[in-house]
Asker: 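The structure under discussion is supplied below as structure tokens; questions concerning it will follow.
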Amino acid sequence: MAQNRKHLANAPDASDDPPFDLPEAVREPELGPSLSSRALQGAAAPPYLSALNPEQRQAVEALDGPVLVLAGAGTGKTRVLTTRIAHILASRKAYPSQLLAVTFTNKAAREMKERVGDLVGGIVEGMPWLGTFHSIGVKILRRHAELVGLKSGFTILDTDDQIRLMKQVIEAAGLDKDRWPARQLAGLIDGWKNRGLTPDKVPAGEAFGFASGKGAQLYAAYQRRLKELNACDFGDLLLENLRLFLEHPDVLADYQRRFRYMLVDEYQDTNIAQYLWLKLLAQSSPNLCCVGDDDQSIYGWRGAEVDNILRFEKDFPGARVIRLERNYRSTGHILAAASGLIAENKGRLGKTLFTDGHMGTKITVIAVWDDEEEARAIGDDIERMQKDGQRLNEIAILVRASFQMRAFEDRFITMGLPYRVIGGPRFYERQEIKDAIAYLEITANPANDLKFERIINVPKRGLGDTSVKRLHELARAREMPLYQAAQMIVETEELPGKARHSLAGLVANFERWRGQVGHMRHTELAELILDESGYTAMWQADKSPQAQSRLENLKELVRFMHEFDSLEGFLEHVSLVMDADQAGDGERVSLMTLHAAKGLEFEVVFLPGWEEGLFPHQRSLDESGQAGLEEERRLAYVGLTRAKRIAKVSFAQNRRNRGLYQSALPSRFVDELPEAHVEVLEAKLPFGGAYQNFAGPFGRSRFDDVAPFEATYETPGWQRAQERTKTRARDEWSPAKARKARRPTTIEGELVAASSGAPAFRPGERVSHQKFGAGTVADVDGNKLTIDFDTAGRKRVVDSFVARG
DNA sequence: GTTCGCTCACTTTTT
DNA sequence: GTGAGCGAAC
């Protein structure tokens, strides 16, 4: 390795991007084998290669021509990608700047950068074309912006801005904005852009769905507005690239020559626009290597086209397909269960994972009464494992939909079990962060109308719709940005005195702040702006429970800005990278959606909520039929294959969904698991107080009259799940009887809880909780308290964890 | 212009 | 059951 590093360090200056339009002959890296590489050739394979298994090695060494690496879950996909990059560089096939490596997320790009860096040393700094589709798209677009009707400094709209702009477009077209919501139009346009469709290419039939056929016109109008604002939305970053390439073959040819080797991560997630983009670039010298797994394609609903990966061999004639099937992550039973399940899917390229490791324990399936009991059972399970030395960081609960998380959070809070939610609302998506960024953005770039509109009346400064409308009229008439219009309008009598005064104040503030750019540290300036604008004060005055954490977030934002050396640098980063690392310290159980879990792995994985309608989700079936079902099944596959050692599936017979308590059938996926690898568990008796709903202080519950389950639950999965419960009961099993039998336990549980000596609390009392600290009791419901915590916000907790004072 | 209260919807989510 | 968003009343 050390040898290798040295060798690479001697390569031509990595950061030296060959001038773009240099003739081919000059740019050609005339790198005869260096002394060290010749020495290496005489030796055995470089160490980075010998660490690979034969298939991985094949995937790394097949450098020329199109290659599809079908990398099953846990087969070392990232290792192959990074080693391949290292190999290309080490064998001097290309300069770092001639490698194109695309990922979907910034996180993946970052990881790849790091891992390549580990392999080859700092040379990766010279890989300017390693990034997300979008970041690379921006880079290209900024170089040739004029060719597609933009200026190089164009701004990138986030979703909020996009919706705001679309609202304006809809209203400008004289349409009722309530009847035709901007959100829906945004969805349509996004979909078209994902498919590489410009307004003129939108199929007539589809455009008809919106505003009685005006869909495509609105799309066109929206695009015009974007150009006027010198702005792009995310979809444009690729779409405009396509246009650039198609309308300017010379530009395309330059990039084709430049990118000698191309690598694509998660190819199964590419949409049509991305596919077209790759296809154009790969046209002349298709050293294109795509890595992916058709079985893990779970983003069809946002435009990903599984077909891209299924068709690879046809799209790129002569393509080699290399399968990575040796799994290094999971035990035999887990792999077999996952493989058995996914085998139900029709449209697959097909691969079978195997492991040299142990069979391990079978995956388990358990039926629980309802979502509350599910959370309770899993919570208890985790506590037990924790006692046996299982680290919480290695435990995850993967749910289909985020509303399922609440039951777990409630339960874990009550238990005092530390957890973290992954993939919740992102840092940059929070209101306070977006507002703050809007202030910073306008300071740097006053022409950003949408950002200006965002904060013109935040905090409230008496500039309502009417004033904003005036501003718009003026800006339109003079064809100038809103900000400039504001500067102008305050010199006139157009606005009522109060509004005029406060707008003048705002403009004066921005002018002063802008004067400070470059004279003051950008972090200090940010603090100054947040302060002087009254934005911080607004949240300080807010007495809602989240206000405190919003202020924390603002501080965090400023802290984060330290990593950049200028305001502009920070803003450029922010516009693309809607992604900040969640500070995740300490031992915690992870709670996330199945989608968020892709690419992660845990020792222990809980898979709750395997019920028809929830998983597979009804909506997915309704909207996409068989394809939807298969995607849901892939989601199940992704979930199972996250587990290294233990996977536990559960389903509830009743679930509180939208305020409604409804009975549910076990998911068909439960029955599709191969029996040989599954152990059906009984729900433990006594039910740990699970039936509070039935035997609270009010005796019989409304659920007592629900029809007997036997009538409804006849699937093999259900029967299997019930089998042992039946034997246990030594009597003919019936839900009613079972419930009756359990009732005393429950009552006991209630009694124990009620008589545990916990003092009754009253609303308004000051209390403290071991986990959340001090707070004020807002409401008392039996032994459950609702408390407004000073820092943690409003939570429901059990009184036994609460002390006075 | 702001605030309150009603209605509606509610899978998954990156850039 | 809950939160967001919008319209009507202050």
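Chain letters run A, B, ... following the sequence lines, proteins first, then strands; residues in each count from 1. Note that this is a predicted model, so its numbers are computed, not measured.
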Asker: For a quick check of understanding: with a heavy-atom distance under 4.0 Å over all strands, which category does Leu635(A) fall into, base, sugar-phosphate or nothing?
Answerer: nothing
Asker: Tell me whether Glu305(A) is salt-bridged to Arg195(A), with the criterion being a basic N under 4.0 Å from an acidic carboxylate O.
Answerer: no
Asker: Rounding to an integer number of Å, can you tell me how far Ile298(A) CD1 sits from dT11(B) P?
Answerer: 17 Å
Asker: State, to 0.1 Å, how close Thr593(A) and Met405(A) come at their nearest heavy-atom pair, and which atoms those are.
Answerer: N-CE, 3.6 Å
Asker: Any ion pair linking Asp161(A) and Arg164(A) (charged N to carboxylate O, less than 4.0 Å)?
Answerer: yes
Asker: Base, sugar-phosphate or nothing for Glu623(A)? Non-hydrogen atoms, less than 4.0 Å.
Answerer: base
Asker: Taking all non-hydrogen atoms of both residues into account, name the closest pair between Ser620(A) and Gly628(A) and its distance.
Answerer: OG-O, 3.4 Å
Asker: Check whether the ring centres of His617(A) and Trp301(A) lie less than 6.0 Å apart, and answer yes or no.
Answerer: no
Asker: Nearest to the side chain of Thr105(A) - dT12(B), dT15(B), dC10(B)?
Answerer: dT15(B)
Asker: Which nucleotide wins on minimum distance to the side chain of Thr593(A), given the candidates dT2(B), dT12(B), dT11(B)?
Answerer: dT12(B)
Asker: Thr466(A) side chain N/O closer than 4.0 Å to the phosphate oxygens (OP1, OP2) of dG1(B)?
Answerer: yes
Asker: Quick one: does Arg302(A) reach the base of dT12(B) with a side-chain donor-acceptor pair under 3.5 Å?
Answerer: no
Asker: Quick check: closest heavy atoms across Gly153(A) and Arg142(A), and the distance to 0.1 Å?
Answerer: C-NH1, 3.6 Å
Asker: Figure out the CZ/C1' separation between Arg655(A) and dC10(B), and round it to whole Å.
Answerer: 15 Å
Asker: Of the listed nucleotides (dT15(B), dT3(B), dT13(B)), which one gets closest to any side-chain atom of Asn106(A)?
Answerer: dT15(B)
Asker: In whole Å, what is the span from the CH2 atom of Trp301(A) to the P atom of dT12(B)?
Answerer: 8 Å
Asker: What is the distance, to the nearest angstrom, from the CZ atom on Arg164(A) to the P atom on dG5(C)?
Answerer: 11 Å
Asker: Base, sugar-phosphate, or nothing for Ser624(A), non-hydrogen atoms under 4.0 angstrom?
Answerer: nothing
Asker: Taking only side-chain nitrogens and oxygens of Ser467(A), does any of them come within less than 4.0 Å of OP1 or OP2 of dG1(B)?
Answerer: yes
Asker: Just how far, in rounded Å, is C1' of dT2(C) from CZ of Arg656(A)?
Answerer: 13 Å
Asker: Closest to the Arg400(A) side chain: dC6(C), dT15(B), dT12(B)?
Answerer: dT12(B)
Asker: dT12(B) P sits how many Å from Phe403(A) CZ, rounded?
Answerer: 8 Å
Asker: Report the distance from atom NE2 of His617(A) to atom P of dT13(B), rounded to the nearest whole Å.
Answerer: 12 Å
Asker: Expressed as a whole number of angstroms, how long is the span from Met538(A):CE to dT2(B):P?
Answerer: 12 Å
Asker: Choose from dG1(B), dC6(C), dT2(C) the nucleotide whose nearest atom is closest to any side-chain atom of Arg406(A).
Answerer: dT2(C)
Asker: Tell me which of Ala499(A) and Ser620(A) sits closer to the 5' end of DNA chain B, going by the nucleotide each one is nearest to.
Answerer: Ala499(A)
Asker: Would you mind telling me which of dC10(B), dC6(C), dT12(B) lies closest to the side-chain atoms of Ala401(A)?
Answerer: dT12(B)
Asker: Of the candidate nucleotides dT2(B), dT15(B), dT13(B), which contains the atom at the shortest distance from the side chain of His134(A)?
Answerer: dT15(B)
Asker: Using OP1 and OP2 only, check whether a side-chain N or O of Asn457(A) sits under 4.0 Å from dT2(B).
Answerer: yes
